[in-house]
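Contents: one structure, followed by commentary.
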Amino acid sequence: MDKRFIIIHPFEVIRKGLWAILRETFHHEFILLPRVEALKDYSGLQQLHLLVFLSESLRTSENEKFIHHLLGAENKVQYLTIKHLADNLTADSIAIEQAATIIIDTVKCQLEQLKPQNNQFSDLSEREKDVLQLVALGHSNKEIAEKLFISIHTVISHRKNITEKLGIKSISGLTVYAILNKMIDTEHIDPTSLI
Amino acid sequence: MNHYKPTDKLAKLIHTNHFLLPVINRFGFRLGFKDKTVEQVCQEQNIDLNFFLTIVNTYTDEDYFPQNELVSFSPVLLIDYLIKTHEYYRNYLFPEVERRLERLLSSCQGTCDDLQLIKSFYNKYKEELLKHLEEEEQNVFPYVLALLKAYENKQALPKKYANYSMKSTEPEHTNVDQKIYDLKNIVIKYLEPTYDDNDCNEFLFAIFQFEKDLLDHARIEDKILLIQVLEIENAIQHG
Ligand SMILES: [Fe+2]
Ligand SMILES: [Fe+2]
């Protein structure tokens with residue numbers, strides 16, 4: 001997902017200063033605005049991961065609601081607060097008295113958090129195993145739907161979950177997994193013919 | 001992340017990112033460069049400085065994208081570099097991975113069916129990647145060169161390429177990228193360790209390096225080459 005950095009702060013010196021520091025590391029487009037309302041000109045943004053920097057005074061639930069309303073449906077929005085002092089900083093805030101390297105690290109951490117994580121591993125459900133087995137045997141989504149009496153839509157959603165749980169994306173990779181886990185009778189089928 | 005500059009010493013590049021070793025070799029740079037800077041070695045070997053920096057910076061920083069004025073080097077240079085990379089895969093990386101895979105297989109104790117399965121998976125993957133490389137060498141790159149020639153000499157594009165466009169010609173990278181990740185992940189997460197640990201690590205190191213090099217290669221093709229060619233295609237259509 002492409003990212004866009006939006007810095008909203010009433011002081012130009014802070015907007016531009018932060019921009020100068022961040023653009024060295026983050027090669028995304030930046031939008032610098034003095035007021036939240038000015039975001040209206042950008043209501044066409046879509047399919048983006050928006051990192052919105054708000055001055056402390058602008059980080060209100062009202063403003064967040066406004067931004068969410070304007071951009072939340074089409075984009076992924078994440079906030080960072082720009083404070084003056086580094087006391088009591090939370091993970092999603094930076095302070096203008098901080099060194100540039102620390103500000104950059106905080107931003108990196110925040111971006112990192114939004115990446116989908118694979119670590120909530122859980123075993124495959126029985127249904128997912130059925131689907132995986134049929135995928136490994138080379139069946140199409142349509143065939144799988146017919147065999148299991150479920151909709152194609154459901155098959156696709158099972159497949160998405162399987163891939164997320166196992167960390168394997170390709171069909172041949174899933175096939176190898178199925179064979180390793182004895183989900184396929186390799187007595188009668190040559191496993192290498194399936195991969 | 002700080003990007004490499006013309007005044008950086010070549011030795012520093014390697015100290016900070018040793019994966020760049022084969023990359024600088026593709027430019028004809030060999031070790032023993034003392035305190036020479038990037039600028040100096042490029043001048044000595046007659047290499048376009050911006051081109052070299054673009055390549056090492058994309059390799060080091062996934063998000064790096066050169067500013068427009070820096071992409072002014074010729075696509076011919078880029079294609080030459082990409083072909084050298086293909087050769088590096090064929091002549092070195094594939095055989096190296098296979099040597100390590102064979103060693104891993106021979107270290108196996110007990111039932112080795114699972115490792116054999118990994119080998120089949122690898123072989124299928126190799127087949128697919130080789131086809132991808134060939135496709136580029138036989139269709140994509142010749143098309144780009146013909147397009148460039150037509151553009152520079154203000155001539156018509158040879159008939160053969162009438163229905164070509166970069167977007168429809170360059171094969172997808174998602175498949176090849178996904179599979180090498182899967183191969184690695186299956187060994188890491190799901191394979192019963194019936195082998196010698198060091199032999200398996202060696203195999204994985206090679207796969208990690210291969211994956212990194214491939215991802216970078218795909219990025220150069222999808223971002224830099226594609227954009228250069230789209231510009232020429234546009235200029236010809238509207239010229
Ligand atoms: Fe290629
Ligand atoms: Fe390619």
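First the proteins, then the strands, lettered A, B, ... as listed; each starts at 1.
Looking only at heavy-atom pairs under 4.5 Å with chain B, the residue among A:Ile179, A:Thr175, A:Val176, A:Asn181 that has the most is A:Val176.
Contact detail for A:Ser170 and B:Phe121: the closest heavy-atom pair is OG-CZ, 4.1 Å. The two residues B:Ser120 and A:Ile195 make their nearest non-hydrogen contact at CB-CD1, 3.8 Å. Contact detail for B:Asn185 and A:Leu166: the closest heavy-atom pair is ND2-O, 3.6 Å. Minimum heavy-atom separation, A:Glu24 to B:His3: O-CE1, 4.3 Å.
Taking the six-membered ring for Trp and thresholds of 30 and 60 degrees, A:Tyr177 and B:Tyr190 have ring planes more than 60 degrees apart, a perpendicular arrangement.
Only the side chain of B:Lys124 comes within less than 4.5 Å of a heavy atom in chain A; its backbone stays farther off. Residue B:Ile186 touches chain A through its side chain alone, counting heavy-atom pairs closer than 4.5 Å.
By the 6.0 Å contact criterion, CG on A:Leu137 is enclosed, its count of non-hydrogen atoms from other residues, nucleotides or ligands being greater than 12. Within 6.0 Å of atom CD in A:Glu29, 12 or fewer heavy atoms from other residues, nucleotides or ligands are found, so the atom counts as exposed in its surroundings. Atom CD of B:Glu137 is surrounded by more than 12 heavy atoms from other residues, nucleotides or ligands within 6.0 Å. The number of heavy atoms from other shown groups lying within 6.0 Å of CD (A:Glu12) does not exceed 12. More than 12 heavy atoms of other residues, nucleotides or ligands sit less than 6.0 Å from atom CZ of B:Arg26. Around atom CG of B:Asn91, more than 12 heavy atoms belonging to other residues, nucleotides or ligands sit under 6.0 Å away.
Among residues at least two apart or in separate chains, disulfide (SG to SG under 2.5 Å) pairs with a member in residues 93-128 of chain B are B:Cys108-B:Cys112.
With hydrogens and angles ignored, the 3.5 Å screen pairs a side-chain donor or acceptor of B:Asp182 with a backbone N or O of A:Lys169.
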